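Below: the structure, in structure tokens.
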Amino acid sequence: MDMRPIGVFDSGLGGLTAVSSLWRILPEENLIYFGDTARVPYGGRSRETILKYARQDVRFLQSFDLKAILIACGTVTTTSLTTLQAENDLPMVGVVEPTCRRAALVTKNKRVGMIATAASVRSGAYEATLRRLDPEVTVFCRACPLLVPLVENGRIHPGDVVIETVVAEYLEPLRQAGVDTLILGCTHYPLLTEIISQVMGPEVTLVSAGEESAFELKRLLKERGLRAPEDRQGETEFYVSDRVEDFEQTATLFLRQDLHHAARRIDIDQYGT
Ligand code: DGL
């Protein structure tokens, strides 16, 4: 039994979709969430910059006595997971491997689509992992750079012509490719599930990054004897690097409930360069 919290981080609010899954899958665990809202989005930046930011994010989280970290960000996972794992003793779970495992399991026609940020697509990490898991799978990737800013601004509702138009344009080539499974390779995208489903049609299975990694984390904690007692209710603390007011307003959309505790603002630049 281990009562220490789990650190969860993302470039912004997207990782809250993973928090929401963790509340369901591991309700007894304490969580420390960090959203780097001052520097979101990461997805259009170089690998060097993303790694620098991710190291600072991890250093901030390490200021708590944690038992594990969930990197609830596709962009950080695809560009920096291996480096961060090599630099830290703490168990770290990313979103790519668990998501690809699920997609490889559910696809029937072996045609899998994957949408994510430009940095994630450029890294080739989802493609490489899927091919390793099932060499017969053909992967169709598409970078969707406009989606994160739109989601961060709450433009997620069906009927919103701006988000519907952007999503339809991004997804058209994947629809034409006849994929039967679509990986939402960025943790912001589950907020767009309804709109994405409308475009792709009901026969296409959507696999979301945050959800699968929460299951992976549960397995890892169990394996290493790190789980908290199941008869308790965990607490979550939220930290951001920019205005808490903006975070709290949009966070309720991601979490589908009000925050029980106010978020706190930290100066992320204090955590290394
Ligand atoms: N949620 C992040 C991801 O999963 C967002 C990326 C960004 O900041 O551009 O990739």
Side-chain angles (χ1 to χ4, degrees), residues 7-22 33-58 61 69-81 84 92-100 102-103 113-127 129 141-156 163 166-167 170 182-193 196 206-214 216-217 238 240-242 246-247 250-251 253-255 268:
V8 182
F9 76 97
D10 179 45
S11 56
L13 293 140
L16 295 176
T17 58
V19 168
S20 167
S21 300
L22 286 170
Y33 183 83
F34 175 62
D36 193 4
T37 51
R39 304 189 294 199
V40 68
Y42 285 9
R45 302 179 195 273
S46 66
R47 183 191 175 257
E48 292 71 32
T49 304
I50 296 164
L51 179 59
K52 177 179 141 189
Y53 289 175
R55 281 182 170 135
Q56 290 180 304
D57 302 343
V58 167
L61 286 175
I69 288 183
L70 172 63
I71 302 179
C73 178
T75 306
V76 172
T77 306
T78 54
T79 56
S80 314
L81 175 68
L84 295 172
M92 273 187 204
V93 171
V95 295
V96 174
E97 181 86 28
T99 311
C100 290
R102 180 95 208 132
M114 198 289 292
I115 52 171
T117 64
S120 287
V121 171
R122 207 184 311 125
S123 77
Y126 278 103
E127 246 168 316
T129 308
C141 296
R142 185 90 215 253
C144 306
L146 292 176
L147 296 190
V148 169
L150 285 169
V151 170
E152 289 272 329
N153 282 284
R155 305 297 292 262
I156 59 169
I163 187 68
V166 173
V167 168
Y170 280 142
L182 178 64
I183 293 177
L184 310 186
C186 168
T187 52
H188 280 70
Y189 299 173
L191 273 286
L192 301 172
T193 297
I196 293 172
L206 306 185
V207 180
S208 57
E211 173 97 355
E212 299 307 325
S213 48
E216 173 78 7
L217 182 65
F238 296 95
V240 288
S241 51
D242 214 321
D246 299 340
F247 172 80
T250 320
L253 282 178
F254 282 76
L255 295 167
I268 193 63

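What's counted below: heavy atoms across the whole structure, side chains too, no hydrogens, waters or symmetry copies. Every number for a ligand or one of its atoms is a count from 1 in the order of the listing. It should be emphasised that the depicted structure is a prediction, and the values quoted were computed from it without experimental measurement.
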Region of [X] engaging ligand 1 - heavy atom pairs below 4.0 Å:
| X | result |
| --- | --- |
| C73 | both |
| D10 | side chain |
| T117 | side chain |

Checklist entry - Should we count CZ of R45 as having more than 12 external heavy atoms under 6.0 Å? => result yes
Report yes if [X] has an N/O atom closer than 3.5 Å to an N/O atom of ligand 1; otherwise report no.
| X | result |
| --- | --- |
| S120 | no |
| G74 | yes |
| G43 | yes |

Checklist entry - What closest approach, in Å, do P41 and V148 show between heavy atoms, and which atom pair accounts for it? => result CB-CG1, 3.9 Å
Checklist entry - Between V8 and A72, which heavy-atom pair has the shortest distance, and what is it? => result CG1-CB, 3.7 Å
Next on the checklist: Within the 4.0 Å heavy-atom shell around V40, which atoms of ligand 1 are there?
Outcome noted: 8 (O)
Checklist entry - What class does the angle between the rings of F247 and Y33 fall in, given that below 30° is parallel, 30 to 60° is tilted and above 60° is perpendicular? => result parallel
Counting non-hydrogen protein atoms only, what is the nearest one to [atom]? Give residue, atom name and distance.
| atom | answer |
| --- | --- |
| atom 6 (C) of ligand 1 | T75 OG1, 3.3 Å |
| atom 8 (O) of ligand 1 | S11 OG, 2.5 Å |
| atom 7 (C) of ligand 1 | Y42 N, 3.2 Å |

Item to check | Residue pair M92 / V58, side-chain heavy-atom distance below 4.5 Å | outcome: yes
Checklist entry - Can you find a heavy atom in the side chain of P190 that is under 4.5 Å from one in the side chain of E211? => result no
Next on the checklist: Quick check against the 3.5 Å criterion: does S241 have a side-chain atom that pairs as donor or acceptor with the backbone of A38?
Outcome noted: yes
